[in-house]
Each structure stands twice: as structure tokens, then as C-alpha cells.
Amino acid sequence: MIAQSRPFGQRYAFVVVAVIFLCLLIAAGLRSAPAVMMLPLENSFGWRRDVVSLAAATGIFLYGLTGPFAAALMERIGLRRTLLAALLMMSGSTALSLLMTKPWHLLLTWGVFSGISSGAVATVLGATIVNRWFKTNRGLVMGLMSASSATGLLVFLPLLASLAQSGGWKPVAIAIAVATAALVPLVYMLVPERPASIGMVRYGAEADDVPPAPPAAQGNFVAHTLSTLRRAAGTRVFWYLFATFFVCGFTTNGLVGTHLIAFCGDMGIGEVQAAGLLSMMGIFDLIGTTLSGWLTDRFDPRKLLGVYYGIRGLSLIYLPYSGFSATSLIIFAVFYGLDWIATVPPTLRLSNEAFGDRSGPIVFGWIVAGHQVGAATAAFFGGTMRELQGNYELAFLIAGMTAIAAACISLLINTARPAFDPEPQAA
């Protein structure tokens, strides 16, 4: 049991944020690992890039699909139980991959098992923590936690690329398994279920603050999750947010996160150098996403999304024609990196405005599922285009054009009226 007291008063919420930040960071490292394992797996087993891309795409897809169910499960059986089980499954599936010898082993471990488990340690986890622990400063905190994936690139990719270059894919799997297992005691000791569990209220709230009761806390969480989707799917704002986040995933994790290192390899740039490029992007995204959270608390999130997607689209269209010189790649890393996932805080704010604090996290989980469907599509699409054409140029150009389209869709979003009536509170 967690002790019923904690230091720092309301500021203990930031201790929880720090631990969850680490969890999200490690999960980002796990999801990015196939990018540095692609070439070593090709060399070790002779597996083609579209085979490895299929496993990566499966993991990304399940990562997104798990999110809304994980958000409801956190309300039904508890956030701590859900998170601890997910971390153990992440570590176990990664360790199990050390025994793989066939492509379906890769699909099962790095695709199915790691996809489902890491899906509970994803953006919906950050959204749940923000709604449970913060009354104010939500945009800024969500920006910080969203930036954890950028920090994951910053911390992990150069290390993982170095391990892959010197020892192949197995040291990469070992590093991820150990790092994930190390999080289990931290979560167990430092993350209470909610502020009320330690006699506190949300950060920025008055002493008599009573958070809205989540409707998923009772009953069948699967039925409630699907019911929430059905109700949200009847609104235009949901599909606008789903479509833009589909493009977000298509243009980030799926294409750049999975294939940029291989693209650079085709252009004569080594794995460690290419991972360094992603790390530079991670530095700028850490800045950009945190700043995006601050801006989201102050400005129209629709206009912010329009700017972010526009810059991203132009960056992706620029890359194939950049010549891949050091200077051109730095320019790409800066402009693309600044809004890698800067779209998350304004998208979460729009989701909460449209669907409320009670249903917002689950609806946001479905929107994030759209993100991961887009990412899975791009991961497989990029590998297939590479096999068919012998290069990645058209894949990156298409991705850039979809981002420009998302910039236009963002400006059509209207949350002025409630998207649907709130569900009745339990008696």
C-alpha cells in the first residue's frame, strides 16, 4: 500500500509528473528501437525492410488501439495496476525477443506484445495524469509530458544506435528490457492512485475541489470505451481531430521515426550520425512541445495546429531535395524538430473543450488511436515504397502534402458547443 502522506503539498503532483515522464520516455525508446534495429536485423537474418516495417507497424497500430481501453481500464482497476502490468509486459516481451529466429517471432514480440503494453504507457497516460492531478497549467504540463518522447529520442537513439553498430540488435533489446524493468519499483513507491489517495486536491485547486467522477469507474470498461467512441463519432469535431492526428502519426513516428535512419543510410550517412540527427530533433522538440503547452494555455489551439502542421509539411517536402549535407540536415532538424509533437497539447485542449473532463481522456484516447493508425500506415508504407522504388523520396513528399492538408483541416474545428451531452453521474 502507498503511504497516505507525501511531502511538498500540492506540488507533489510534479513528483508524479516526473515519474510518469520517465515511463513515457522509456516507452518512446522502446517504440523507436525498430528504427535502429532495421539494418542489424537485415544483416543478421536477411529479413527485408518491409518485413521489419510490418512488425514496427503492428506495434505502432496496437500501441494506438490500446490507448482508449487503457484510459478506461485505469479508471476501472486503477492507474497503478494498469501501469505496473504494462511495464512488466514491455520488459518481458522485449527480453523474449532475444530468442527469436523467425519473422513471426519479431511480429509477436516487437509487434503484438510490445504494442499492447506500450499502448498503456502513452499519451493517454499523460492525459489521465493531467486531468487527475492538475486544475490549472494543464497545457504546460501536457507539453512537458508530450516532450518525453522527444527526450526518449535524445537519450536513447544515439545509445541504441551505438549498441546496434557495435553489437547488433541484441544489446538494443537488452537495454530496453532492463530500463523498463527498473521503472516498476519507482511507480510502485511514488505514484499514488489520485490526489485524494494521499489527502490532497489537484494542483491549483481549492481545498473543497471535487473532481468529476469518471463514468468508466463502474461497469464494463470495454463497453463504456466503445460507447464513448460511438457517441463521439457522431460529431464533426471528433473526425476533424481524428484526421489531423492521423496525419500527425503518419508524418512523425511512422515515417520519420521508423525510416529516417534507413533513408540517411541510403544517402551514405552512418547509423550513429543519423541517430544524432534524430537526437538534435529531439532537443528542439523538447523546446517546441514545452513551448506549445505554454502557448496552448494562452492562444487559440486551432491556429496553433494550423501553424504546426504547415511547418511540418514544408519541412518534409524540403528533405528529399536538401542534398543531405550537414547544413541542410541541421536546418531540417531545427524546423521539423520544433513541432515533432507540439500538436499534442492543443489537440488535448480541443478534446477536453468538446467532450469535457469526464469523457475527454477516453475520447482523446481514440484520437490518439488515429495518430497510431496513421503512424502504422506510414511505417509500412515507407518500407513498401522503398522496396518498390529503391528510395524514400516519394514517401516523404506525400507525407509533406498530407501535413499541409491537416493544417487546413485544423482551422475548421469548432468546439463552441458541447459535442455531446454529458453522461449522467452515478447515483
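Along the sequence shown, residues carry numbers from 1.
- Side chains of Y308 and C248 form no contact here, defined as non-hydrogen atoms less than 4.5 Å apart.
- Screening residues 118-138 for ring-ring contact (aromatic ring centres under 6.0 Å, His included) gives F14-F134, F134-Y203 as the qualifying pairs, with residues at least two apart or on separate chains.
- With sequence neighbours excluded, the residues satisfying side chain to side chain contact (heavy atoms under 4.5 Å, CB included) with Y336 are T252, V256, M281, R312, S315, L316, F332, W340.
- By the 30° and 60° cut-offs, the orientation of the rings of F263 relative to F396 is tilted.
- By the salt bridge (charged side-chain N to carboxylate O under 4.0 Å, His left out) test, E42 pairs with R49, sequence neighbours left out.
- Under the side chain to side chain donor-acceptor pair (under 3.5 Å) criterion, W110 pairs with S97, not counting sequence neighbours.
- The shortest side-chain heavy-atom distance between W169 and V36 does not fall under the 4.5 Å cut-off.
- By the side chain to side chain contact (heavy atoms under 4.5 Å, CB included) test, L183 is found to be paired with L22, C23, I26, L87, L186, residues two or more places apart in sequence or in another chain being considered.
- The closest donor-acceptor contact from the side chain of S117 to the backbone of F113 lies under 3.5 Å.
- V112 has its side chain within reach of L62: a pair of non-hydrogen atoms, C-beta onward, lies under 4.5 Å apart.
- Taking the six-membered ring for Trp and the full ring otherwise, F246 and H371 have centroids separated by 6.0 Å or more.
- With V130 as reference, V141 is the one residue of I20, N352, V17, V141 to meet the side chain to side chain contact (heavy atoms under 4.5 Å, CB included) rule.
- A 4.5 Å side-chain heavy-atom check between L24 and F21 finds every atom pair outside the cut-off.
- Note on ring orientation: taking the six-membered ring where Trp is involved, the planes of F238 and F242 are tilted (angle from 30° to 60°).
- Within the 3.5 Å criterion, the main-chain N or O of A177 finds a donor-acceptor partner in the side chain of S91.
- Between M37 and V52, the closest side-chain pair of non-hydrogen atoms is not below 4.5 Å.
- Contacts of Y240 classified as side chain to side chain donor-acceptor pair (under 3.5 Å), with partners at least two apart in sequence or in another chain: none.
- Taking the six-membered ring where the residue is Trp, the centroids of W366 and F69 are separated by under 6.0 Å.
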